[in-house]
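This report concerns only the one structure given below.
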Amino acid sequence: MLPINSNETKKLLSHMYNEVSKELFGFGTTLLKVTIEKNVITFQAKHRRAPRSEALEGEVPSLKQEVDFHMSLLYKKKLRQKLETQTDWDIEAVLRDYDSATQLAFTNIVLKEN
């Protein structure tokens with residue numbers, strides 16, 4: 001079953017996305033837009049910069065990039081788990097890219113079409 005493109009669905013998805021953000025970073029996003037087109041859900045988000053990330057970036061930039069990469073993988077895993085437990089959607093893939101310079105993240109959820 002594919003999601004209904006309504007404000008209520010987008011509000012629920014925004015809530016789930018921010019819950020994962022709070023769980024992993026301790027705070028939600030500063031900007032979040034959700035779009036639904038057929039079987040693809042897109043989250044456009046701007047995250048806050050954590051003070052420890054700034055400190056790490058100044059001291060060991062390569063470690064900061066590695067931490068960002070693994071946090072992005074963890075974000076995808078937790079968001080997928082949350083969607084699977086709270087919806088009946090059949091998820092095919094969760095794709096995510098994050099730019100640490102701007103703190104922008106784009107996450108796409110691809111649902112299986114039946």
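This structure is a prediction, so every number in the text was calculated from the model and none was measured. Atoms considered below: every heavy atom in the structure, side chains included; atoms not considered: hydrogens, waters and symmetry mates.
From D68, atom CG reaches atom CD of E66 across 10.5 Å, with rounding to the nearest 0.5 Å. If you take CD on Q86 and CG on L13, they are separated by 10.0 Å, rounding to the nearest 0.5 Å. Here F25 contributes atom CZ and S53 contributes atom OG; the two are 7.5 Å apart, rounded to the nearest 0.5 Å.
Residues I109 and L79 are in side-chain contact: their nearest non-hydrogen atoms beyond the backbone lie under 4.5 Å apart. Counting heavy atoms from C-beta on, the side chains of F27 and H47 never come closer than 4.5 Å. Under the 4.5 Å side-chain criterion, counting only non-hydrogen atoms from C-beta, L32 is not in contact with Q44. No side-chain heavy atom of I91 sits less than 4.5 Å from a side-chain heavy atom of K112. At least one side-chain heavy atom of T87 sits under 4.5 Å from a side-chain heavy atom of M16. Considering only heavy atoms from C-beta on, I41 comes within 4.5 Å of L111 through its side chain. Residues L73 and K76 are in side-chain contact: their nearest non-hydrogen atoms beyond the backbone lie under 4.5 Å apart. The side-chain heavy atoms of S62 and V60, taken from C-beta on, include a pair separated by under 4.5 Å.
For the pair E57 and R49, the salt-bridge criterion is met [side-chain N within less than 4.0 Å of a carboxylate O].
Under a 3.5 Å cut-off, the side chain of T9 and the backbone N or O of I4 do form a donor-acceptor pair. Listed for the E59 side chain is no donor-acceptor partner under 3.5 Å among the backbone atoms of L56. A donor-acceptor contact shorter than 3.5 Å is absent between the side chain of T107 and the backbone of R96. Side-chain atoms of T85 come within 3.5 Å of backbone atoms of K82 as a donor-acceptor pair (strictly under, hydrogens ignored).
L63 and L24 end up in the same hydrophobic cluster when Ile, Leu, Val, Met, Phe, Trp and Tyr side chains are linked at under 4.5 Å. A single hydrophobic cluster is seen to contain both L74 and V67, as judged by linkage of ILVMFWY side chains at heavy-atom distances under 4.5 Å, directly or through other members. Under a hydrophobic clustering in which Ile, Leu, Val, Met, Phe, Trp and Tyr are joined whenever their side-chain heavy atoms come within less than 4.5 Å, directly or via other members, Y98 and Y17 fall into different clusters. In this structure, V40 is not a member of the same hydrophobic cluster as I36, with clusters built from ILVMFWY side-chain heavy atoms closer than 4.5 Å.
Between R48 and T30, the side chains place no donor N or O within less than 3.5 Å of an acceptor N or O (distance only, hydrogens not considered). In this structure, a donor-acceptor pair under 3.5 Å is present between the side chains of D99 and T102.
By the neighbour-count criterion of 12 heavy atoms within 6.0 Å, atom NZ of K77 is sparsely surrounded, having that number or fewer from other residues, nucleotides or ligands.
Shown here for T29 and S21, the closest heavy-atom pair between the two residues is N-OG, 4.2 Å.
F43 and Y75 have their aromatic ring centers separated by at least 6.0 angstrom.
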